[in-house]
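Please read the structure below before turning to the comments.
Lettering of chains follows the sequences in order, A, B, ..., and the numbering in each one begins at 1. Values in this document were obtained by computation on a predicted structure and should not be read as measured data.
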Number of protein chains: 2
Amino acid sequence: MRHVAALAGVGIKTVSRVINDEAGVSEATRQKVLDAIAQLNYQLDVTAGSLRRAGRRTLSVGLLLPSVSNPFSGEIHRAMEDALGARGIAVFAASLDDDPKREQAIIAAFLGRRVDGLVLTPIAKNQAYMIPEHSRNLPMVFIDREPVGVDADAVVTDNAVGAGKAAAHLLMHGHTKLAYLGDRTDIQTARERRRGFLEEVGGAGIPTSALPVIDDLHDEEAARRAALELLNSEDPPTAIFSSQNLVTFGTMRALKELGAHKRVALVGFDDFTLADMMDPGVTVIAQHPERIGVKSAERLLARIDGDDQPPRTYVVPSELIQRGSGEIRPPA
Amino acid sequence: MRHVAALAGVGIKTVSRVINDEAGVSEATRQKVLDAIAQLNYQLDVTAGSLRRAGRRTLSVGLLLPSVSNPFSGEIHRAMEDALGARGIAVFAASLDDDPKREQAIIAAFLGRRVDGLVLTPIAKNQAYMIPEHSRNLPMVFIDREPVGVDADAVVTDNAVGAGKAAAHLLMHGHTKLAYLGDRTDIQTARERRRGFLEEVGGAGIPTSALPVIDDLHDEEAARRAALELLNSEDPPTAIFSSQNLVTFGTMRALKELGAHKRVALVGFDDFTLADMMDPGVTVIAQHPERIGVKSAERLLARIDGDDQPPRTYVVPSELIQRGSGEIRPPA
DNA sequence: GTGAAAGCGCTAACAT
DNA sequence: ATGTTAGCGCTTTCAC
């Protein structure tokens with residue numbers, strides 16, 4: 001910047017004014033500065049500026065996802081990137097891998113880079129370790145799961161309601177012998193989905209005490225084995241609800257292995273690519289990651305811009321998509 | 001840091017030494033400093049440090065992908081994150097959307113944040129606009145496509161070889177009436193795949209002049225329509241090669257609509273989730289995005305560490321995965 | 001409309 | 001083993 005100022009024959013502050021589009025520079029001076037910038041191939045150092053900038057803005061935010069390689073996370077990331085990029089804010093992204101240690105390490109790394117805000121899917125049981133940052137008023141938005149131990153904005157899917165819709169759908173198609181295949185119960189969303197499902201079934205007058213509830217299925221293979229066992233049991237269910245993508249995949253495999261895929265109904269939580277191309281098409285409760293991303297970005301920007309309303313949780317509704325597997329009726 | 005030094009009753013440089021694990025601090029002093037840090041909840045400002053650090057390292061790099069929401073990109077991103085994170089380097093990620101303007105804007109945004117390196121999937125026909133940075137010796141690695149106009153490391157899939165393997169596989173299964181469905185020809189990888197496919201077919205003595213080659217299929221629906229038209233033509237192919245995921249999906253839809261999915265062979269470039277669950281399973285030429293990510297990170301780190309060997313292109317081999325659709329034989 | 005000076009938080013170089 | 005000083009590139013403040 002010094003060099004630009006020297007070459008243009010002006011003061012350094014004038015160069016700063018031109019670059020940041022501040023008022024109070026004559027058109028002639030502006031041109032001189034612009035020419036010098038072009039000639040030197042100069043580019044503003046955003047990070048150095050942040051040292052002195054009002055509020056120390058770095059124009060960067062941190063995004064913590066389950067994994068950047070997971071399509072659900074990818075959609076959220078994408079929506080966020082677009083909203084923030086329009087404001088000149090760059091996004092640091094990182095994967096948590098369901099590891100609370102990693103969660104803290106990554107947060108520390110991002111805070112060390114003085115991000116203007118944090119958007120995260122919490123893993124740790126408790127986010128109380130973020131209290132110092134929270135009271136420093138660091139903008140933060142929690143995604144998918146509500147924070148524990150700090151009071152902050154959150155954007156979540158209506159997990160219980162969505163799972164309830166799945167139950168209602170299966171009941172409506174005449175099923176009474178249902179089963180629930182779920183993810184690890186230390187994950188809040190998994191618990192919510194189970195609760196919503198069971199409440200809906202119970203509310204319909206069907207006793208849930210005998211209903212098979214299999215938790216802690218965290219990968220495809222575990223889900224497949226659990227589904228096989230279930231389907232080979234003495235009194236197998238006529239309809240299955242799977243609470244998550246990998247569980248759905250495992251269940252699909254089990255159903256196909258047993259040749260039961262056209263006989264046993266299946267509704268999965270979470271949509272996935274090619275669900276409509278399966279045989280039968282897979283009925284799902286679809287989440288809307290792009291809407292979650294958009295909403296989160298909106299809240300984060302509002303907080304960055306000084307919004308100090310009490311924190312709220314925003315709910316993005318899920319949607320039942322019928323594709324065949326959920327409309328199979330029980331045998332007569 | 002000043003505050004920490006004051007509280008611990010030491011000089012500011014001593015605090016710096018402790019934090020950066022430099023030698024020359026007595027254990028007693030170290031403890032005093034550590035206590036003060038804990039008490040004040042102090043955290044090092046990495047960006048401020050970069051201003052003075054040798055080589056001005058910011059400990060951040062920029063990653064430019066087709067889209068962070070695309071699973072192939074996600075895998076690359078993930079591998080990169082892990083390799084770089086182990087070195088304390090954070091990753092800015094952004095999506096290019098096949099838009100050369102966006103490519104330049106994002107690069108500018110990242111350079112303005114003084115990233116230590118850049119990993120990118122080039123879109124623009126020419127990366128000559130990066131010459132200033134390149135000659136400034138900014139570490140950069142190109143992914144998936146080789147750069148044009150600057151000489152830099154690249155990590156790519158063996159597109160032509162992989163497509164050739166697909167052709168050979170179909171020929172081996174007795175097909176002589178093949179067809180090629182491809183992506184936009186302004187994309188280097190698409191051209192390579194077409195070339196590899198046609199060369200292999202031609203090399204087997206089958207005239208390629210009559211072989212249907214349909215380019216510029218950039219989405220699923222375009223691919224579906226092209227495949228329908230092809231299959232409804234007077235002399236339809238008995239085997240199809242699709243050069244990319246979305247093209248494969250569109251082709252699968254067309255085959256299914258016509259009830260031809262068990263009769264016409266299909267090999268697609270790029271693996272995808274649930275490919276084995278389709279009916280029949282879809283034979284693919286799989287790329288290895290995680291290996292591409294690992295290699296790119298390795299090269300980037302080497303360049304950051306001062307490696308100044310002449311730039312090279314690293315090839316990550318693709319792999320044929322047989323699942324059924326590619327092993328269908330032509331009608332007798 | 002323009003510029004000089006101070007200082008953000010840190011690390012390099014050089015004391016002591 | 002520890003501290004002091006200068007200065008990275010910028011924006012703020014204030015003076016002209």
**OP:** I would like to know whether A/Asp116 and A/Thr58 meet side-chain hydrogen bond (donor to acceptor under 3.5 Å, both in side chains); could you show each step before the answer?
**Re:** CA-CA 6 Å; A/Asp116 296 337; A/Thr58 55; 3.2 Å; yes
Subject >> For atom CZ of B/Arg30 and atom C1' of D/dT2, their distance in whole Å >> reply: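 Taking atom C1' of D/dT2 as the reference, CZ of B/Arg30 is at 16 Å.
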Less than 4.0 Å between a side-chain N and a carboxylate O, is that true for [Y] and [X]?
{"X": "B/Arg102", "Y": "A/Glu81", "value": "yes"}
{"X": "A/Asp305", "Y": "A/Arg87", "value": "yes"}
{"X": "A/Asp186", "Y": "A/Arg191", "value": "no"}

Original post:
Does a side-chain N or O from A/Thr14 land closer than 4.0 Å to OP1 or OP2 of C/dG3, or not?
Top reply: yes
Original post:
Between A/Thr29 and C/dT2, is there a side-chain N or O to OP1/OP2 distance below 4.0 Å?
Top reply: yes
**OP:** Go through the steps for B/Ser50 and B/Thr47 under the test side-chain hydrogen bond (donor to acceptor under 3.5 Å, both in side chains), then give the verdict.
**Re:** CA-CA 5 Å; B/Ser50 81; B/Thr47 50; over 6 Å; no
**OP:** Classify every nucleotide of nucleotides 9-16 of chain C by which part a protein heavy atom approaches to under 4.0 Å, writing B for the base, S for the sugar-phosphate alone and - for neither, in 5'-to-3' order.
**Re:** BSBBB---
Original post:
Are A/Ser67 and B/Arg78 close enough that a side-chain donor and a side-chain acceptor fall under 3.5 Å?
Top reply: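 Per modelled atom types, A/Ser67 and B/Arg78 side chains form a pair under 3.5 Å.
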Subject >> Polar contact flag, side-chain donor to acceptor under 3.5 angstrom, B/Glu146-B/Thr313 >> reply: yes
Original post:
Does A/Tyr314 have A/Arg312 sitting over its ring (NZ/CZ under 6.0 Å from centre, angle to axis within 45°)?
Top reply: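 Ring-cation test returns yes.
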**OP:** To the nearest 10°, let me know how far the axis at one end of the helix from C/dG1-D/dC16 to C/dT16-D/dA1 is tilted from the axis at the other, five pairs an end.
**Re:** 30°
